[in-house]
Amino acid sequence: MLNRREFVGAVAGTLAGAAALQAQDAPPNWGNPVIDIHHHWRRPVELNLAHMNGAGITRSLLLTEASQDAEAAAMPKDRFARFTSVNVAQAARLDANMDALRKAIATGSLGFGEMKSQVEVDGPEMRRVFALAAELGVPVLIHFQEVNQTTSVGTFNRGLSRFPALLKEFPKTIFIGHADNFWANTSTDVPNDTAYPSGPIKRSGLTDRMLSDYENLWGDLAAYSGRNFLARDTDFSADFLKRHQNKLMFGSDCFCSDGKGTGQTNPLPLIAGKCVARETLGALKQLTAPDVFRKVTWDNAMRLLKLA
């Protein structure tokens with residue numbers, strides 16, 4: 001039988017353990033509101049809020065296909081905005097898909113994306129998207145991928161090396177770069193056999209130069225590609241975040257169900273079993289001063305998307 005001292009100690013230990021567990025489950029406080037510009041629409045609809053609330057995210061930009069647009073439009077306006085995408089590789093439906101994008105903007109979508117089609121980035125299909133974005137005054141979020149992966153089969157918007165010409169050709173179009181090839185090209189040394197390079201970054205990579213040289217290019221730090229970039233050379237990434245602090249935005253591209261890592265099946269080392277949103281926000285917190293962190297996680301996207 002426990003004496004009084006032992007009983008009190010046991011109760012205190014139990015309460016401490018419960019408090020620690022509760023703290024672990026509590027949403028993180030990032031020090032300022034956070035907007036996730038890369039939140040893929042999910043069903044049931046309750047999962048959208050569950051992920052945000054679990055990761056401590058205030059608002060999200062839903063990335064929806066045109067067929068999901070009406071359902072996403074019904075989500076609470078104080079928590080959600082949306083971009084709309086189509087597959088421009090479907091040549092027979094290209095005209096119809098352009099009409100769908102135009103309709104989406106007319107009904108409240110704020111931009112095009114994530115544009116992820118197996119085409120050349122400077123091909124006729126994407127040029128039509130860029131021209132329409134300029135006409136309607138909305139941004140385009142582009143997935144750049146040139147290495148096939150088991151979790152993302154195919155290559156998308158190929159030809160990043162030719163992208164500066166498009167930035168010149170479409171000066172009224174706001175482009176948001178994202179994904180493997182975009183972040184690999186922060187270095188001048190880009191391997192062609194891996195999507196996620198490791199090791200020190202060699203300065204003056206294409207992405208770094210484009211962000212400096214073209215006012216109409218912004219960066220989306222979502223997914224493992226963004227998380228890997230932040231981790232591979234922290235001295236470089238801290239400097240990069242400071243230099244481009246007005247043009248970078250936090251995104252998650254996370255598929256865990258609750259903002260805590262539940263259901264995360266991606267085996268890659270920095271995010272295996274974890275919430276990508278939490279991991280990326282944690283890295284940004286470590287690499288930036290508070291004013292830069294707020295710009296990247298809130299101010300920049302709110303300004304670009306003209307959200308109140």
Would you name the heavy atoms of [X] and [Y] that are closest together and state the gap between them?
X    : Y    : value
G251 : D36  : CA-OD1, 3.3 Å
R42  : C256 : NH1-O, 2.9 Å
G111 : V138 : CA-CB, 3.8 Å
A283 : R227 : CB-NH1, 3.6 Å
F240 : L248 : CE2-CD1, 3.8 Å
S60  : I57  : OG-CG2, 3.8 Å

Same hydrophobic cluster for [X] and [Y], using side-chain heavy-atom links shorter than 4.5 Å among ILVMFWY?
X    : Y    : answer
L62  : L305 : no
I176 : V86  : no
V296 : F182 : yes
I37  : L304 : yes
L166 : W218 : no

Do [X] and [Y] have side chains that approach each other closer than 4.5 Å (heavy atoms only, starting at C-beta)?
X    : Y    : result
V121 : F175 : no
L61  : H38  : no
W41  : L63  : no
L94  : V88  : yes
S237 : T234 : yes
F236 : F229 : yes
F250 : T280 : yes
V45  : E71  : yes

Could you check whether [Y] and [X], counting side-chain N and O atoms only, form a donor-acceptor pair closer than 3.5 Å?
X    : Y    : result
H39  : D253 : no
N87  : S117 : yes
N181 : E146 : yes
K247 : N300 : no

Exercise for review: Hey, could you give me each pair passing side chain to side chain donor-acceptor pair (under 3.5 Å) that has a residue in residues 154-165? Not counting sequence neighbours.
Suggested key: E120-R158, E120-R162, D122-R162, T155-R158
Check your understanding: For residues 50-59, which residue pairs qualify under side chain to side chain donor-acceptor pair (under 3.5 Å), counting only residues two or more places apart or in two chains?
Key -> N53-R79
Measuring from atom [atom1] of [X] to atom [atom2] of [Y], what distance do you get when rounded to the nearest 0.5 angstrom?
X    : Y    : atom1 : atom2 : result
L211 : L167 : CG    : CG    : 9.5 Å
E125 : Q118 : CD    : CD    : 12.0 Å
K274 : E279 : NZ    : CD    : 4.5 Å
Q145 : L160 : CD    : CG    : 12.5 Å
K116 : F156 : NZ    : CZ    : 5.0 Å
T173 : L132 : OG1   : CG    : 9.5 Å

Practice item. May I ask you to check whether F163 and F144 place their ring centres under 6.0 Å from each other? Key: yes
Exercise for review: For atom CD of E215, decide whether the heavy atoms of other residues, nucleotides or ligands shown that lie under 6.0 angstrom number more than 12.
Suggested key: no
Exercise for review: Inspect the surroundings of NZ in K77 and state if more than 12 heavy atoms from other residues, nucleotides or ligands are less than 6.0 Å away.
Suggested key: yes
**Study point:** CA sep, side-chain torsions, deciding dist, call: T194, V147, side-chain contact (heavy atoms from CB on, under 4.5 Å)
**Key:** CA-CA 6 Å; T194 179; V147 177; 5.7 Å; no
Using modelled atom types and a 3.5 Å cut-off, is there a donor and acceptor pairing between side-chain atoms of [X] and backbone atoms of [Y]?
X    : Y    : result
Q264 : G261 : no
T84  : A104 : no
T64  : F83  : yes
E114 : L141 : no
R278 : G259 : yes

Under 3.5 Å, sequence neighbours excluded: what are the donor-acceptor pairs made by side chains of residues 196-203?
unit_1, atom_1, unit_2, atom_2, d
Y196, OH, Q149, OE1, 3.0
R203, NH1, D239, OD2, 3.2

Practice item. Dump the intermediate steps for side-chain contact (heavy atoms from CB on, under 4.5 Å) on L221 and L241, then the final yes or no. Key: CA-CA 10 Å; L221 288 158; L241 290 163; 4.0 Å; yes
Check your understanding: Under the side chain to side chain donor-acceptor pair (under 3.5 Å) criterion, do H244 and D208 qualify, and how do the steps go?
Key -> CA-CA 9 Å; H244 299 301; D208 199 350; 2.7 Å; yes
Point to revise | Partners passing side chain to side chain contact (heavy atoms under 4.5 Å, CB included) against D213 (at least two apart in sequence or in another chain) | key: R209
Practice item. Would you mind listing every salt bridge (charged side-chain N to carboxylate O under 4.0 Å, His left out) that reaches into residues 82-102, with sequence neighbours excluded? Key: D69-R82, D95-R128, R102-E135
Review point. Under 30°, 30 to 60°, or over 60°: which ring-plane class applies to H40 and F255, parallel, tilted or perpendicular?
Key: parallel
Which side-chain N or O atoms in residues 26-35 pair as donor and acceptor under 3.5 Å with protein atoms at least two apart or in another chain?
unit_1, atom_1, unit_2, atom_2, d
N29, OD1, G31, N, 3.0
W30, NE1, A55, O, 2.9
N32, ND2, T297, OG1, 3.1

